[in-house]
Peer 1: 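Quick one: structure below, then a few questions.
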Amino acid sequence: MRYSKLFLHTLKETPADAELISHKFMLRSGMIRKLASGLYSYLPTGLRSIHKVMAIVREEMNAIDAQEVMLPMVQPAELWQESGRWDLYGKELLRLKDRHDKSFCLGPTHEEVITDIVRGFVRSYRELPVYLYQIHTKFRDEIRPRFGLMRSREFIMKDGYSFHVNDEDLDRTYQATYGAYNRIFERCGLDFRPVEADTGSIGGHASHEFMVMADAGEDAIACCTACSYAANVELAPCPLPDTASPATPEPLQEVPTPGKSSVEEVAAFLGKGPAQVLKTLIYMGEKGPVVALIRGDYSINEVKLQRHLGIDELRMATDEEVAAITGAPVGFAGPIGLRGSYTLAADHSVTTLQNFVAGANTFEKHLTGINWNRDLPLPATTDIRIITENDPCPKCGNPVEIRRGIEVGHVFKLGTKYSKALNACFTDDKGMEHPMIMGCYGIGIGRTVAACIEQNHDGNGIVFPVPVAPFSCLITLINPRDAQMTQTAEGIYNGLLRQGLDVLLDDRDERPGVKFKDADLIGIPVRIVVGKGAKDGMVEMSLRKNNEKLTVPVSSCIETTLRLLKS
RNA sequence: CGGGGCGUAGCGCAGCCUGGUAGCGCAUCUGCUUUGGGAGCAGAGGGCCGGAGGUUCGAAUCCUCUCGCCCCGACCA
């Protein structure tokens, strides 16, 4: 490709609304352009990178015998009503009507459609397993799209679905996909790790997320500092703490705490640490109010709390709802003297509290010197807290660290959730009918490119790894009006093309500085500069990632390029 | 949906408080010079000041409503 013919428009200045490095550089390097909130156009160089990732995904998916299909984006409401998700999915599901006033939605995911296809054809255990995937556009009407391709409303996803006669067969495909995902993200040059994950609203049992490690990530991951354990903090279990040695009981007292309502304020005011305070949080669940108790220096894990309560809807109570339960304004809730009916959930961490502080359920009053059993019974406790730095690893007991990650892939064992709802059944060798066992597997294609940029950039721009780069090598022709230089550059260009390489020839009539700045910004891995040395048969070569320059004869330029691309 | 902020040339912004000819930098176009890290000079084009109402002799500026965008939160295969 000749730069003079390429539709590529780089920006000197960063658009003001870009926040993340990857978002800024994708806009500045002309890979994408925003159309509206959460909607992006992929421009030629951006699409090239997308296509490179897609090609890797296809190769690895085909290698594990998954077959590619393409399913409609617009899907009939009936199918979603049949699975029950028409009502459950909420506002992320963009609903629309056709000219006959029939209801449709834009597919945020394709379990319903794929299950409908498979149930229509597959009758016998002999026809299973079936493993289909597609690479296509999804639409989710996100509450708050942000960070460019990292969280957009319309996005490209590889989604795969497998159908099995039993759990063992599903497990084989799950493991094969797990392996394929590892190879895909390795080939993309990413620093990532698979982590145990929550199954979320899609349902199912086992689940792993593939997380690219990056400070900009929206997910927090608990990683063991000693073993290979890694889990989304939403899921990572927190064990029952060791019992503390008994302290001398203090008297129960009500003390004024004027203007102090947060755990930190109250603890500081009373000269204690947050770990000596019992935090009492009021939630509203679908079955009524929930009072959650936890040690003051910890946070409630709402995912765990929901699971413990067996409910799908949970939110913080409003000020009025809090007042109804505690009889006091927000900030003075405690476990003693609550009124009305509510469900109590206590975290394991409260068991070790002695002589602790809690709200008195009275305006600007707290209780001190509270002790379990003397002042109130110790409730049954469960694990409803968020794991924190230095908590013990659930596998080996060594401390965990909390790291940030970008979720680029997710594998689920779905079980029979959709096959039951949509009646996708097969007949076994005994003539008995069973719902198919399903798995589903996703990769965010655009997000993978964005994550790649998060991990590979410097102050001047993107530093693409070869497999994801829009072009693998760039020839910078310093002066296109110089016949010698032009001839040399053209010769190398044609030679590299004959090698089947993605090569970009910067033949623009621009000053060298402009070309160098653009080259760094768009991040092509190998650069060949044809300049002053051309008259002596020499060119200058360098790698974007380290910028070390070497002068090589034109005759060995192609060979050197091939060698550098492998390094 | 709650809180905050912003809409002025393709991009980045000033002007608004205190109403009176719509500006700056970059980009674009023309010419000359320049050619190894975002060139210099000279000239030119480009605006419903997000939209609709209102106040006023007069509105980018003041008021009301609306639409869009961004940030924080809640939410999220």
Peer 1: Please confirm whether the backbone N or O of A/Leu71 pairs with a side-chain atom of A/Gln134, one donor and one acceptor, at under 3.5 Å?
Peer 2: yes

Peer 1: Rounding to an integer number of angstrom, what distance separates B/U18 and B/A9 when you compare their C1' atoms?
Peer 2: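 The same atom, C1', in both gives a distance of 27 Å.
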
Peer 1: Heavy atoms, side chains only, cut-off 4.5 Å: are A/Ile402 and A/Ile221 in contact?
Peer 2: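 No. Closest side-chain heavy atoms not under 4.5 Å.
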
Peer 1: Base, sugar-phosphate, or nothing for A/Thr14, non-hydrogen atoms under 4.0 angstrom?
Peer 2: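 The residue A/Thr14 makes sugar-phosphate contact but no base contact.
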
Peer 1: If we take the C1' atom in both B/U34 and B/C24, what is their distance in whole Å?
Peer 2: 26 Å

Peer 1: With A/Tyr441, which residues qualify under ring pair (Phe, Tyr, Trp, His ring centres under 6.0 Å), at least two apart?
Peer 2: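 Partners of A/Tyr441 by the ring pair (Phe, Tyr, Trp, His ring centres under 6.0 Å) criterion, ordered by chain and then number, come out as A/Tyr131.
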
Peer 1: What integer number of Å spans the C1' atoms of B/A27 and B/A44?
Peer 2: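 The same atom, C1', in both gives a distance of 15 Å.
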
Peer 1: What residue pairs, at least two apart or across chains, pass salt bridge (Lys or Arg N to Asp or Glu O under 4.0 Å) with a residue in residues 28-43 of chain A?
Peer 2: A/Asp17-A/Lys34

Peer 1: Tell me which nucleotide, if any, is Watson-Crick or G-U wobble paired with B/C49 when both distances must be under 3.5 Å.
Peer 2: none

Peer 1: What is the per-nucleotide protein-contact pattern of nucleotides 66-72 of chain B, from the 5' end, where B denotes a base atom under 4.0 Å from a protein heavy atom, S denotes such proximity for sugar-phosphate atoms only, and - denotes neither?
Peer 2: ---SSSB

Peer 1: Could you give the distance separating B/G25 and B/C69 at their P atoms, to the nearest angstrom?
Peer 2: 32 Å

Peer 1: For A/Pro108, report the nucleic acid contact type (base, sugar-phosphate, nothing); a contact means any heavy atom under 4.0 Å.
Peer 2: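 Nothing, no heavy atom under 4.0 Å.
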
Peer 1: Searching all strands shown, indicate the nucleotide that pairs with B/A74 (Watson-Crick or G-U wobble; both distances under 3.5 Å).
Peer 2: none

Peer 1: Excluding sequence neighbours, so at least two apart, what forms salt bridge (Lys or Arg N to Asp or Glu O under 4.0 Å) with A/Arg153?
Peer 2: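 Partners of A/Arg153 under the salt bridge (Lys or Arg N to Asp or Glu O under 4.0 Å) test: A/Asp141.
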
Peer 1: Which side chain to side chain donor-acceptor pair (under 3.5 Å) pairs, counting each pair once, include a residue from residues 532-550 of chain A, with sequence neighbours left out?
Peer 2: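 Output for this query lists A/Asp458-A/Arg544.
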
Peer 1: Roughly, in whole Å, what's the span from CG in A/Leu93 to C1' in B/C76?
Peer 2: 14 Å

Peer 1: By ring pair (Phe, Tyr, Trp, His ring centres under 6.0 Å), which residues pair with A/His23, not counting sequence neighbours?
Peer 2: A/Tyr40

Peer 1: Searching all strands shown, indicate the nucleotide that pairs with B/U30 (Watson-Crick or G-U wobble; both distances under 3.5 Å).
Peer 2: B/A42

Peer 1: Tell me which nucleotide, if any, is Watson-Crick or G-U wobble paired with B/U18 when both distances must be under 3.5 Å.
Peer 2: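 The base-pairing partner of B/U18, which may sit in any strand shown, does not exist here.
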
Peer 1: Return the value, rounded to whole Å, for the distance between atom CG of A/Asp219 and atom P of B/C75.
Peer 2: 14 Å

Peer 1: Side chains of A/Tyr418 and A/Arg85: donor-acceptor distance under 3.5 Å anywhere?
Peer 2: yes

Peer 1: Could you please name the partner base of B/U35, counting Watson-Crick and G-U wobble pairs only when both distances are under 3.5 Å?
Peer 2: none

Peer 1: Who pairs with A/Phe464 by ring pair (Phe, Tyr, Trp, His ring centres under 6.0 Å), at least two apart in sequence or on another chain?
Peer 2: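 Expected list: none.
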
Peer 1: Using the C1' atom on both, measure B/A59 against B/C71 and round to a whole Å.
Peer 2: 30 Å

Peer 1: Does anything in residues 68-81 of chain A reach RNA chain B, meaning a heavy atom under 4.0 Å, and if so which residues?
Peer 2: none

Peer 1: By the definition side chain to side chain donor-acceptor pair (under 3.5 Å), identify the one residue from A/Lys138, A/His410, A/His136 that meets it with A/Asp159.
Peer 2: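 Passing option: A/Lys138.
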
Peer 1: Once you round it to whole Å, what is the distance between C1' of B/C75 and CG of A/Asn301?
Peer 2: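 In whole Å, B/C75 C1' lies 15 Å from A/Asn301 CG.
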
Peer 1: If we take the P atom in both B/C17 and B/C32, what is their distance in whole Å?
Peer 2: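 Their P atoms lie roughly 47 Å apart.
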
Peer 1: If you look only at pairs with a residue in residues 474-488 of chain A, which of them pass as a side chain to side chain donor-acceptor pair (under 3.5 Å), with sequence neighbours excluded?
Peer 2: A/Arg481-A/Asp509

Peer 1: Suppose you measure atom P in B/C63 against the same atom in B/G12; what distance do you get, rounded to whole Å?
Peer 2: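 Going atom to atom, P in each nucleotide, I get 26 Å.
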
Peer 1: In whole angstrom, give me the gap between the C1' atoms of B/C72 and B/G10.
Peer 2: 30 Å

Peer 1: Protein within reach of the bases, or only the backbone? For nucleotides 32-38 of chain B, mark each nucleotide 5' to 3' as B, S or -, using heavy atoms under 4.0 Å.
Peer 2: --BBBBB

Peer 1: In the strands shown, is B/C69 matched to any nucleotide by a Watson-Crick or G-U wobble pair with both distances under 3.5 Å, and which?
Peer 2: B/G5

Peer 1: Mind checking ring pair (Phe, Tyr, Trp, His ring centres under 6.0 Å) for A/Tyr181 and listing every partner two or more places apart, or none if nothing turns up?
Peer 2: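 So A/Tyr181 forms a ring pair (Phe, Tyr, Trp, His ring centres under 6.0 Å) with A/Phe210.
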
Peer 1: Can you name the side-chain hydrogen bond (donor to acceptor under 3.5 Å, both in side chains) partners of A/Arg95, sequence neighbours left out?
Peer 2: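 A/Arg95 satisfies side-chain hydrogen bond (donor to acceptor under 3.5 Å, both in side chains) with no residue once adjacent residues are dropped.
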
Peer 1: Could you check whether A/Glu302 gets within reach of a base, just the sugar-phosphate, or nothing at all, counting any heavy atom under 4.0 Å?
Peer 2: sugar-phosphate

